[in-house]
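This is a predicted model, so every value here is computed, not measured. Numbers for residues simply follow the sequence, beginning at 1.
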Amino acid sequence: MTLSRPAIVFAGAALVAAVAAFFIVSPRQIPARDGRIACDGTSVGLGAEAPWQYVALFSYDCAATAPVADRDARVRLALDYGYPSLLVRDIGEAETAQIVAAAIEEGDRGFFSADPYIAASVASWPEALRSPAVEAFLATLPGLVATTSGPFDGPMLDSAPLWHESHFAPQIVEFCARGNCPDGEQGCGGPVLRAAKARVAQSGAALSAVQASCQPSFEWLRALRRAGLVDTACSSAFQINGVMQGRLELDAPCYDPQRGLGSLPVSSPADTLRFLRHVRGKRPDAATMEIVAQYFPEIATYLAQE
């Protein structure tokens, strides 16, 4: 299938627009940094010679104290490495909230998965900055502490992932048994997939059948991502362009150590780092190493020596 130009342009457009806005705001007063760097590779099971750029991939503390003095560079580091709670110190809560909301609109669970403090950070924001949809999305992230102890409700159902996850299946079944998930409410590209999620949770219906119920399109793939019915470890641009070009199967994991990144149509610093995090302990193939060297030459040099 040939990818149309609009799919390339608009995949992840909400997040791209939200991020771009924060590199043109007026400078802020940044507290002085003391230069102490918590980036010893041995603390995360790497060699002592591991560059901080690689250590930060596995250490939030290293990313938080990395030797990056420029404000915009620190913001990009937080975005690329997937530590959104670090954004608050440089761009404030309100602007961070916009980036978080844009990532959630794209169903980008991978943007949050490595940040151990994002749920607590959002929970501390003023109520006006944290909508029920945002709190529900973060509360259903695998491995993260819920931001709310409230009942399992509509926003929770909409966000609870079923891609290789069974934790939420009983709650989805119970919620839908009360008539909250009628068939026919979901068209291709709509905001939620409640009835389809109920079928998967209750009867073990194949995710692939739900995924194939509509022709691939930008809105349909985003709906599947928001609902957690596909792997969302990667960015929306990476997955949507890969699927639309026929280079990535919709029911396959985003990142495959055997395939690498070289055969896929989209590479970015963020997806490159997420891939390296995913395949830690395995040497990337030559094509992937070329992409790593393009964005992070220090990491490529280190990996080539291992």
Quick one: CD on Glu106 to CZ on Phe111, what's the gap to the nearest 0.5 Å? 11.5 Å
Report yes or no: does [X] contribute a side-chain atom to a donor-acceptor pair with the main-chain N or O of [Y] at less than 3.5 Å?
X	Y	value
Ser59	Ala56	no
Lys197	Ile172	no
Thr140	Phe137	yes
Trp163	Ala227	no
Gln239	Asp231	yes
Arg109	Cys234	no

Taking NZ, NE, NH1 and NH2 as the nitrogens, is one of them in Asp158 or Arg194 under 4.0 Å from a carboxylate oxygen of the other? yes
Tabulate below the donor-acceptor pairs under 3.5 Å that side-chain atoms of residues 288-298 make, not counting sequence neighbours, or state none.
unit_1, atom_1, unit_2, atom_2, d
Thr288, OG1, Leu261, N, 2.8
Thr288, OG1, Asp285, OD1, 2.7
Tyr295, OH, Ser267, O, 3.1
Glu298, OE2, Gln53, NE2, 3.4

All side chain to side chain donor-acceptor pair (under 3.5 Å) counterparts of Ser85, not counting sequence neighbours: Tyr60, Asp115
Quick check with a 6.0 Å cut-off and a 45 degree axis cone: is Arg274 positioned over the face of Tyr255's six-membered ring? no
Verify side-chain contact (heavy atoms from CB on, under 4.5 Å) between Val44 and Leu57, making sure each step is shown before the conclusion. CA-CA 10 Å; Val44 290; Leu57 194 54; over 6 Å; no
Kindly check if the number of other-residue, nucleotide or ligand heavy atoms within 6.0 Å of CD (Glu49) is above 12? yes
According to salt bridge (Lys or Arg N to Asp or Glu O under 4.0 Å), does anything in residues 52-61 pair up with another residue at least two apart or in another chain? List the pairs. none
Checking salt bridge (Lys or Arg N to Asp or Glu O under 4.0 Å) for the pair Arg74/Asp90: CA distance, chi angles, key distance, verdict? CA-CA 8 Å; Arg74 287 199 303 274; Asp90 286 321; 2.8 Å; yes
